[in-house]
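Everything quoted here is computed from the prediction, not taken from an experiment. By convention in this document, chain letters (A, B, ...) are assigned in the order of the sequence lines, proteins followed by strands, and residues within each chain are numbered from 1.
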Amino acid sequence: MWRVMVISSTPKRFVHRSLVQRGNFYGFRCWIRAFSGLSDDYREILRSGLRDIKLDDAVDLFGEMAKSRPRPSIIEFSKLLSAIAKMKKFDVVISLGEKMQMLGIAHNDYTYSILINCFCRRSELSFALAILGKMMKLGYKPDIVTLNSLLNGFCRHGKRISDAVALVDQMVEMGYQPNTVTFNTLIHGLFLHNRVSEAVALLERMVVKGYQPDLITYGAVINGVCKRGHTDLALNLLKKMEAERMEADVVIYSTIMDGLCKHKHVNDALDLFSEMESKGIRPDVYTYSSLISCLWKLLEAEELYEEMIRRSIDPTTITYGSLINGFCLQDRLEEAKQMFALMVSKGCLPDVVIYNTLINGFCKSKRVDDAMELFHGMSRRGMSGDTVTHNTLIKGFFQAGDCENAQQVFKQMVSAGVPPDTMTCNILLDGFCKNGRLEKALVIFQDLQQKSEMALNIVTYNIMIEGMCKAGKVEDAWDLFNSLCLKGVVKPDVVTYNTMISGFCGKGLKQEADALFREMKEDGPLPNDCTYNTLIRAHLRDGDKDSSAELIKEMRSRGFCGDASTISLVGNMLCDGRLHKSFLEMLSSSAREIVEQPCSDQ
DNA sequence: TTAGGGTTAG
């Protein structure tokens with residue numbers, strides 16, 4: 001509707017001076033007038049400021065307000081729209097805004113501003129700009145709030161971060177004073193577009209220009225740098241806050257600890273945990289959940305769980321999820337299930353992620369039946385699986401060699417209206433290839449390429465190239481590899497090259513493998529340990545000691561070493577006298593241990 | 001009555 005209709009309004013401002021001067025008495029009359037015709041319940045909801053209102057109730061209230069005569073003022077409508085916008089139901093706000101239009105309820109600058117915000121949050125910038133134009137035509141000058149909303153729209157939009165930066169400059173030129181929200185929005189936008197150094201620079205410029213960054217500003221920057229592994233920078237920012245006498249809170253500390261843990265500085269994280277406590281900042285459920293999720297390999301995770309219970313910090317679904325995931329990763333499935341039962345007994349409702357974690361754990365442990373039982377348990381609770389649930393089960397059945405049930409789950413997924421994604425396709429293709437049904441995979445692959453809109457990624461092609469190579473169809477694989485290079489839509493990665501090189505080696509096409517390796521070094525992805533090991537084994541099997549030695553040298557110089565199968569091959573060749581002991585020493589330091597051991601019979 | 005936004009799980 002907005003697409004064809006330009007919203008109209010009366011430019012009159014509602015608050016009249018005489019009305020204000022008459023004070024409370026007149027205000028009371030207005031109050032009565034505003035709510036007459038509404039049921040008592042709704043009057044109460046409006047009076048209480050719409051806190052904790054549910055979406056359905058809000059929409060019903062809108063209907064009542066629209067029907068009641070005389071109608072409540074536009075201010076009441078704007079409060080309601082704002083409450084729905086806070087629930088992030090932007091599409092609902094937009095459609096109610098359209099309804100107001102149809103019912104002849106005139107918008108004002110606040111409702112326009114809310115609508116601009118909603119269109120921006122939905123990345124529908126053109127509509128936001130159209131409303132802005134309409135608003136200005138009616139004589140409303142956009143204020144900093146409206147402009148910040150618009151800025152947020154530019155920041156969230158895929159390609160318009162430069163426009164966002166330009167908008168701020170324009171705002172200043174037009175005499176607007178940017179505020180902390182302006183800067184925070186722009187900083188957040190820069191991070192969304194991975195422009196880390198510009199975001200950090202903006203924080204510094206803020207300080208230079210005399211704007212005091214707030215906890216949100218620091219939090220956003222610290223989070224942005226931590227997620228990208230720059231934990232040193234985060235710790236420096238923490239020091240800077242201290243220097244500015246700004247007290248970091250539990251969120252800032254938790255964010256840095258999470259970053260440290262995820263980037264393998266667990267001890268630093270635990271130090272920071274002590275530092276935080278010594279400053280009297282109490283860890284909360286986020287702090288504990290984050291630490292537990294990072295420390296699942298260690299006993300500390302379970303200890304931390306007990307500690308938080310002792311300190312009366314209530315675990316959430318996410319805390320339990322981290323613990324359950326930890327047990328699953330260690331294949332301690334019974335304990336995972338016990339934890340699941342514990343969380344349910346404590347009244348913490350499992351969500352789809354919890355189920356997916358457990359289902360994944362059982363599938364990985366080749367217990368697909370138990371995984372299916374959990375899946376049925378979900379239905380009994382009135383929950384339905386999402387794309388991840390189905391992907392996990394399909395993969396589980398394929399890994400158990402059960403193509404029929406894998407297909408069955410896929411069919412169920414489609415009939416239940418759960419949208420398959422690229423991962424689903426990759427799992428299906430890989431499953432059929434690995435279960436000796438390349439032909440079936442090829443049919444699906446062709447359909448996907450010709451008849452569907454599904455975006456295939458490099459993993460899809462890697463799966464097919466590997467499938468073809470393993471089935472001995474190296475020429476077909478090579479055609480597919482070359483078609484990738486020709487089309488240029490998806491770029492071959494190191495795995496693509498490794499798979500193809502391995503395919504050539506497997507067919508004894510060593511020259512082709514070498515040629516591809518050279519091509520890779522000139523104009524492709526960086527070779528990794530797998531590339532070298534594949535080639536080294538091929539050359540060793542061919543008895544080409546010189547080339548093998550050369551490759552080993554090159555591999556070691558790049559910081560890689562022989563993998564298990566290369567070491568085992570060399571070990572065997574050493575035993576039957578085809579190789580000299582020095583070869584093994586060349587491969588890796590850990591390989592020397594094998595030299596000391598007696599040769600196996602193989 | 002309008003805006004931004006920092007922490008946790010598959």
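- For the pair A:K88 and A:T146, both in contact range of DNA chain B, the more 5′-proximal nearest nucleotide belongs to A:T146.
- Note on A:K227: a side-chain N or O is less than 4.0 Å away from OP1 or OP2 of B:dT8.
- Taking side-chain N and O atoms only, A:K79 has no distance below 4.0 Å to OP1 or OP2 of B:dT2.
- In this structure, the nucleotide among B:dT7, B:dT2, B:dT1 sitting nearest to the side chain of A:S78 is B:dT1.
- Closest to the A:A220 side chain, of the nucleotides B:dG6, B:dT2, B:dA3, is B:dG6.
- Of the possible donor and acceptor atoms, none in the side chain of A:D169 sits under 3.5 Å from a partner among the backbone N and O of A:V172.
- With respect to A:K279 and A:E275, a salt bridge is recorded, a charged nitrogen being found less than 4.0 Å from a carboxylate O.
- For the pair A:K141 and B:dT2, the criterion of a side-chain N or O lying under 4.0 Å from OP1 or OP2 is not met.
- Nearest nucleotide to the A:D386 side chain, out of B:dA9, B:dG10, B:dT2: B:dG10.
- When the nucleotides B:dT1, B:dG6, B:dG10 are ranked by their closest atom to the side chain of A:V388, B:dG10 comes out on top.
- Between the CE atom of A:M87 and the P atom of B:dT2 there is a distance of 14 Å, rounded to whole Å.
- When distances run from any side-chain atom of A:N325 to the nucleotides B:dG10, B:dT1, B:dT7, the shortest one goes to B:dG10.
- For A:D143, the side-chain atoms get nearest to B:dT2 when compared with the rest of B:dT2, B:dA3, B:dT7.
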Quick one: side chains of residues 342-362 of chain A, donor-acceptor pairs under 3.5 Å with protein atoms, not counting sequence neighbours, listed by atom name and distance.
unit_1, atom_1, unit_2, atom_2, d
A:S345, OG, A:L342, O, 2.7
A:D351, OD1, A:V353, N, 3.1
A:D351, OD1, A:I354, N, 3.0
A:Y355, OH, A:R381, NE, 3.1
A:N356, OD1, A:T389, OG1, 2.7
A:N356, ND2, A:V352, O, 3.4
A:N356, ND2, A:D386, OD1, 3.2
A:T357, OG1, A:V353, O, 2.7

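- As rounded to whole Å, 18 Å separates atom P of B:dT8 from atom OH of A:Y288.
- Following rounding to the nearest Å, A:I256 (CD1) and B:dT8 (P) show an atom-to-atom distance of 13 Å.
- Sorted by residue number, the members of residues 350-360 of chain A with any non-hydrogen atom under 4.0 Å from DNA chain B read A:D351, A:V353, A:N356, A:T357, A:N360.
- Classified by interplanar angle (parallel below 30°, tilted 30° to 60°, perpendicular above 60°), the ring pair A:H390/A:F375 is perpendicular.
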